[in-house]
> 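The following block contains the structure, expressed as structure tokens.
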Amino acid sequence: MIVERNVAVPMRDGVLLRADVYRPEERARVPAVLGRTPYDRTFGPTLPAILEPERAVEAGIALVSMDVRGQHGSEGEFHPFRAERADGYDSVEWVAGQEWCSGAVAMAGRSYTAATQWLAAAAQPPHLRAIAPIAIGSNYFDGWVYQGGAFQLGFNLFWVQIMAGRGRRTRVEEQYSHLPLGSAPLARDSPGGSFYREWLEHPLLDDYWRALSIDAGYGDVRVPALNVGGWYDVFLGGTLENFSRMRSEGGSELARTRTRLLVGPWAHGSTYGAYPDHSFDAFSSQEGIDMLAVQLEFLGEQLSEREGEREGEREGDREPAASAPPVRIFVMGANRWRDEPDWPLARAVRERWFLHSDGEAATTGGGLSRTAPAGEPPDSFTFDPRDPAPTIGGPTSLPGKFMRTNAGPLDQRPLEGRRDVLAYTSEPLADDLEVTGPLSVTLHAATSARDADWVAKLCDVEPDGFSRILAEGVLRASFREGFERQVPVEPGRPYEYALDLKATSNVFLRGHRIRLLLTSSSFPRFDRNSGEALAPGDVREQDLHAAEQTIFHDARRASSLVLPVVPA
């Protein structure tokens, strides 16, 4: 393997980016995979944000690892996403023009490195053949910086810490309670604090966000994508949307036909299925999967084709041959991989499971069944933002000790013991029940304040009581009409809310129970709602006030959980 370090790559405005090149020793020209990262192109011996150089070169592919603009060795000023479209185009074409390159280029990488792929692909560099984005969203407002109108405090502040560099580590978890959010020491003093504060200044879905979003331009992407996500990844919803909408809206027949999806029982970062409370044997010899081999196979197929063949497919002259089923998912509970023809699964049946209780769900618990409610009293609890219900696992990306101990399928029983958490649980199941697909909750609720957060968590309860979280969703009440404007609620008035819990694939085994938890916070994953309908960056300590929350489940206001049930 030939290794070239600190190679200068010129951009159209004269800024020089820096890259390391790993390529085979033989003289023949080879295809290349480009990874553009803000996390230091030289970090680690195997470049975990991109691909392993040794295995890429062994497969006859050159690997180019590049620092994005303004990061580490590259010149210019870094601003998240802003320059990635133009710089991505220029970088792909630079790689294609090197004497050792065959002219066929793909892109790969995870998280932000995946975002650079989508933005570059939308710019349509002529020599780009495919992308392989891992763990990335579809909209940088809803699903990255905000979700359901709530500010993703845990992930955002953690990312500021990461961008501060390895030499400037702080205990970010100690700064989550700092108000106002933009004046936390890490946000105020670190290099990434400027764009963090800028995000707080844009709490609505406006042109600032639309200019950066993936989901506004699938028709501009003409190359196939291998989308990889995790059931416990903070960007799961966006990964699934990227796949399904590329299949229907992609800018070429090749892109629509060959785009693929792979989802495992993983969280964000480097958490691949081994968790403190529960682990999945997703990489075992029997049911395992070699992630790098999957990537190299997909990229190798796209890179090895002759240009004439690809052009013919773009014009629709012949149907592209699919080398593998387009979807592979890990089904939790059954704990096995399964191929599918598409996502969501067409054979899944939407079942509505209704909330029930005698008004004491906060103490004795409520029920969950397919039977619609009749005359049942509502449940209520007091939410105090000075003592919010904490984040315990789920689809998170949190710092330090949280990264490995507060993500994934953690036991929710410590949370269920709180008076501000309502639990609705089914009877033990008589047979296995597979739930695979999008999840949602229809909630009829009221608050004594002008705003509230409604947080829902789906859990698989084992016979011994272990309550394994599967999914979590949030909706800020003042964004019930959409994210373009904030509309305070009328205190005490019931509204109907639609909560998006993203998705899961899980078999609730015989004897297990289905549980839905409802509360008004998941802190520090989301910022605390003051109840005043303020922008997250404007909340001060004196704005935090307790509120009375009420959940209705009667014949006229039947709150429910919608599950995509796959017939046995």
> Might you point out which heavy atoms bring Ala471 and Ala503 nearest each other, and give the distance in Å?
CB-O, 4.3 Å

> Counting distance only, does the side-chain N/O of Gln175 pair as donor-acceptor with the main-chain N or O of Leu186 below 3.5 Å?
yes

> Taking the six-membered ring for Trp, are Phe81 and Tyr140 ring centroids under 6.0 Å apart?
yes

> To the nearest 0.5 Å, how far apart are CG in Leu516 and CG in Leu458?
7.0 Å

> Within a strict 4.5 Å, meaning less than it, do heavy atoms of the Phe354 and Ser559 side chains meet?
no

> Are any non-hydrogen side-chain atoms of Ser505 and Val263 less than 4.5 angstrom apart?
no

> Taking NZ, NE, NH1 and NH2 as the nitrogens, is one of them in Glu434 or Arg347 under 4.0 Å from a carboxylate oxygen of the other?
no

> Rounded to the nearest 0.5 Å, what's the gap from CG on Leu398 to NE2 on His268? Could you check?
11.5 Å

> Going by an N to O cut-off under 4.0 Å, is there a salt bridge joining Arg510 and Asp432?
no

> Between His444 and Glu496, what is the shortest heavy-atom contact and its length?
CE1-OE1, 3.2 Å

> Under 3.5 Å, is there a donor-acceptor pair between the side chain of Gln117 and the main chain of Gly109?
yes

> Find out whether Glu241 and Asn139 are in side-chain contact, i.e. whether some heavy atom of one side chain is under 4.5 Å from a heavy atom of the other.
no

> Under a 4.5 Å cut-off applied to non-hydrogen side-chain atoms, are Asp500 and Ser440 in contact?
no

> How about Leu236 and Trp231: do any of their side-chain heavy atoms sit closer than 4.5 Å?
yes

> So, Arg513 versus Ser426: side-chain donor-acceptor pair below 3.5 Å or not?
no

> In Å and rounded to the nearest 0.5 Å, what is the CH2 to CZ distance from Trp337 to Arg328?
7.5 Å

> Output yes when Asp387 and Arg419 qualify as a salt bridge under the 4.0 Å nitrogen-oxygen rule, no when they do not.
no

> Side-chain contact test, heavy atoms from C-beta onward, threshold under 4.5 Å: evaluate it for Met291 versus Ile134 and give yes or no.
yes

> Might you point out which heavy atoms bring Asp527 and Pro536 nearest each other, and give the distance in Å?
OD2-CB, 3.5 Å

> For the residue pair Trp209 and Tyr146, categorise the inter-ring angle as parallel (less than 30°), tilted (30 to 60°) or perpendicular (more than 60°).
perpendicular

> Near Arg350 CZ, under 6.0 Å, is it more than 12 heavy atoms from other residues, nucleotides or ligands?
no

> Are the ring centres of Tyr176 and Phe158 closer than 6.0 Å?
no

> Does any N or O in the side chain of Thr425 come within less than 3.5 Å of the main-chain N or O of Arg515, such that one atom is a donor and the other an acceptor?
no

> Taking the side chain as every heavy atom from C-beta outward, state whether Pro38 and Thr113 have any pair of such atoms under 4.5 Å apart.
yes

> If you measure from CG on Asp339 to CG on Leu262, what distance do you get to the nearest 0.5 Å?
9.5 Å

> Just by distance, do the side chain of Asn406 and the backbone of Thr391 share a donor-acceptor pair under 3.5 Å?
yes

> Does some side-chain heavy atom of Arg418 sit less than 4.5 Å from a side-chain heavy atom of Phe381?
no

> Supply the atom-to-atom distance Leu415 CG to Leu410 CG, rounded to the nearest 0.5 angstrom.
11.0 Å

> Any idea which heavy atoms bring Arg55 and Leu296 closest together, and the distance?
O-CD1, 3.8 Å

> Going through the checks in order, is the side-chain contact (heavy atoms from CB on, under 4.5 Å) test met by Phe526 and Glu472?
CA-CA 11 Å; Phe526 305 116; Glu472 180 179 61; 4.1 Å; yes

> Ignoring hydrogens and geometry beyond distance, is a side-chain donor-acceptor pair present between Asn242 and Asn227 at under 3.5 Å?
no

> Between the main-chain N or O of Arg386 and the side-chain N or O of Arg528, is there a donor-acceptor pair closer than 3.5 Å?
no

> Looking at every non-hydrogen atom in both residues, tell me the closest pair between Leu475 and Ala498 and how far apart they are.
CD2-O, 3.6 Å

